[in-house]
Amino acid sequence: MAFLLLASLALAQVERIDRDERCVECHVDEADVVKASVHGAAKVGCVSCHGADDVNLSQKSGNPHRKTSTFRMYRRQNLAEDCGSCHIAELDAMRPTGHFKATKWGNDQPRAMRGCVACHAHHETARAERGPIIKSCQPCHVEEPRIITDAAEWSEGMDALSKRLGEAAAALARFERRPGINARPLKEAHAAGNAALAEGRIAQHGLGFKAMEADRSRAAGSLDAAYNRLTSDERAFGRRWVWLMPFLALVLTSMILVRTQSRRLTS
Amino acid sequence: MGWFGERTGVSAASVRERMARRLAPSSAVPVVTGTALVVLVLTQAVSGSLLAMYYKPAWDRAHASVESILAAIPLGWLVRSVHLWGAHLILVLSLAHLLRTFWRGEYRAPGDLRWIVKVLLLAIAAGLAITGQVLPLDAEGHGGALVAGSMSRAVGAGRLVQGGDEPGDFMLGRFFAAHVLWLPAAGLALLAGHLALVARRAPAEVQAGPTTLECVGLSGLATLAVLALLAVFAPAGLGPAANPLEFKDEKPLWFFLPAYQSLKFLPPLAVVAGGAVFFAGALALPFVAKRWIRVAGAVALSVALLLGTAGALSNRTIAGMHFNNHGLPASR
């Protein structure tokens, strides 16, 4: 019996898999998805999140992973240790919320309670989409529609701010250092708006939408004001020839005066 | 004789007589270009004084201050445009004014002193253009400061021009002082002398032709109109702030292109020496035997143009010749 066990172990082709290139030999579909994601772009691969594992490469059926202590399959319970090891600020924002506490409760919770991957599909690591999130709020917050509306309003506001920032960036590329057009207020408002957007994207994990709304609407308001000022500057600069006309008329009149005076002097 | 006339000897009648005098075309042309130049110098003085109120001659604030003149100060863009276009027009017109004098041989006595004053005035205009181009410290001005620093070190005047071991705050301070005080003071004094010399020379009276009043008045007014049109319809912009870690070749004002292109082949010392020989030759022109003048002039101009063309056609860069790729002098 002992001999048989030893023989089967000897025949088993167990290897330590600790490089993404090796994972990809089997996990082709996942590899394609990750490669197309923000993690792929940032060169964050399989081993960065899942760690290394011993794998029995000769095993044809079942799970060949040995699930050693270095291997991590994502469970919402280790959200803090895993996603949070890089996304510290988001985790800190989320920590005081009921959603964070709920990740420790057990597997029978609805989707929205299942940690980071509930909203950010795990291999795609996609930016959370508003529709599915809001929908997934409903099972728990069916009695509190205000929470859902607040969240929806907040996300719409973030989208609007992001769109305005794009327009402001395009305007800055056109007008920066152009004579007669003061792009500096827009440049400052754009920087402040970008900071508000980045902060909002982190802070929204803490779900305090009402409190965050003031910061964001202030950023959006000053962005709008600066943008309007820039366009009015542009309009005024476009009409600059109007200022020139009286001056040219004065010069022309003076020229005529010089001619007549010259005739008077010589006559 | 009124109150003013009694004290100066300039009566209304004498001014009227001078203004009514008709000029032959040969006398009218220098009056026209000269008046245009005087008007341009005056607009430069006014626009420059306005710019000096907002410009900050500090290495880390100069670019931002010009940016705010351009955008935030009411009509700052117009004043700066007038100043820049005025500089171009002054260089074009004074070159034309000088070449005409050369062409007609008027540098000889009795015009020799006028010629020397004109050459000195052109040199001062060139100095104002060099210092003025550096002041905004955009990529172009920053490149100009580095090249000027490198040239001055090559001729042993590094500390004099830079105020230190390398271009920085003190160099900008020197350039600013030269641009707004030293050079304009010298230029205005020379210009006053030049005008006094010109006023003493009464041109021959002719029967037909424009009156002096027409030449002076129409030329001055037309200059103002052209300047305003250029400044309003082709307003001067500003390059991005210089990146001190990245030195790229930036072309100087067109006036200095031959010297700039020569730097791609010659050491700075040779370029400075060449410029000095050119300048000394122009000053000595009235006193040199006539047959040498055309030969020397032709050789000097051909060498400058050849070097300029060769530099423009070659793929060498000044950055490669004199700097490492961080814009620091190659010798350091």
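In this text, all values refer to a predicted model and were calculated from it rather than measured experimentally.
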**Prompt:** Under a 4.5 Å heavy-atom cut-off, does chain A meet the side chain of Ala222(B), its backbone, both or neither?
**Reply:** both
**Item:** Arg7(B) atom CZ: more than 12 heavy-atom contacts under 6.0 Å
**Value:** yes
**Greatest number of heavy atom pairs closer than 4.5 Å to chain B - which of Arg259(A), Arg178(A), Gln261(A)** = Arg259(A)
**Message:** I'd like to check the salt bridge (Lys or Arg N to Asp or Glu O under 4.0 Å) partners of Arg177(A); sequence neighbours left out, ordered by chain and number.
**Reply:** none
**Message:** Using side-chain heavy atoms (C-beta onward) and a distance below 4.5 Å, is Phe247(A) in contact with Leu224(B)?
**Reply:** yes
**Asked** Applying a criterion of heavy atom separation less than 4.5 Å, what residues of residues 58-86 of chain B form contacts with chain A?
**Response** His63(B), Ala64(B), Glu67(B), Leu70(B), Ala71(B), Ala72(B), Leu75(B), Trp77(B)
**Request:** Determine whether more than 12 heavy atoms belonging to other residues, nucleotides or ligands lie under 6.0 Å from atom CZ of Arg100(B).
**Result:** yes
**Prompt:** Who in residues 213-242 of chain A is close to chain B, using a strict under-4.5 Å heavy-atom cut-off?
**Reply:** Phe237(A), Arg240(A), Trp241(A)
**Message:** Just checking Phe71(A): does its CZ atom have more than 12 heavy atoms from other residues, nucleotides or ligands closer to it than 6.0 angstrom?
**Reply:** yes
**Message:** Are there residues of residues 19-41 of chain B whose heavy atoms fall under 4.5 Å of chain A's heavy atoms? If so, which?
**Reply:** Met19(B), Ala20(B), Arg22(B)
**Message:** For a quick test of reading the model, state the closest non-hydrogen atom pair linking Met255(A) to Leu221(B) and the distance between them.
**Reply:** N-CD1, 3.5 Å
**Prompt:** So what's closer than 4.5 Å to chain B heavy atoms on Leu244(A): side chain, backbone, both or neither?
**Reply:** side chain
**Prompt:** If you take all heavy atoms of Pro179(A) and Gly237(B), which pair is closest and at what distance?
**Reply:** CD-CA, 4.0 Å
**Which atoms of Pro210(B) approach chain A - backbone, side chain, both or neither, heavy atom under 4.5 Å** = neither
**Complete:** Rounded to the nearest 0.5 Å, the CG atom of Leu213(B) sits from the CZ atom of Arg263(A) at a distance of 12.0 Å
**Asked** Between Thr266(A) and Thr211(B), is any side-chain donor less than 3.5 angstrom from a side-chain acceptor?
**Response** no
**Message:** Can you confirm whether Arg201(B) is buried at CZ, in the sense that more than 12 heavy atoms of other residues, nucleotides or ligands lie under 6.0 Å from that atom?
**Reply:** no
**Where Ala225(B) and Val251(A) come nearest, the two heavy atoms and their spacing** = CB-CG1, 4.0 Å
**Prompt:** Do other residues, nucleotides or ligands put more than 12 heavy atoms under 6.0 Å from Phe233(B) CZ?
**Reply:** yes
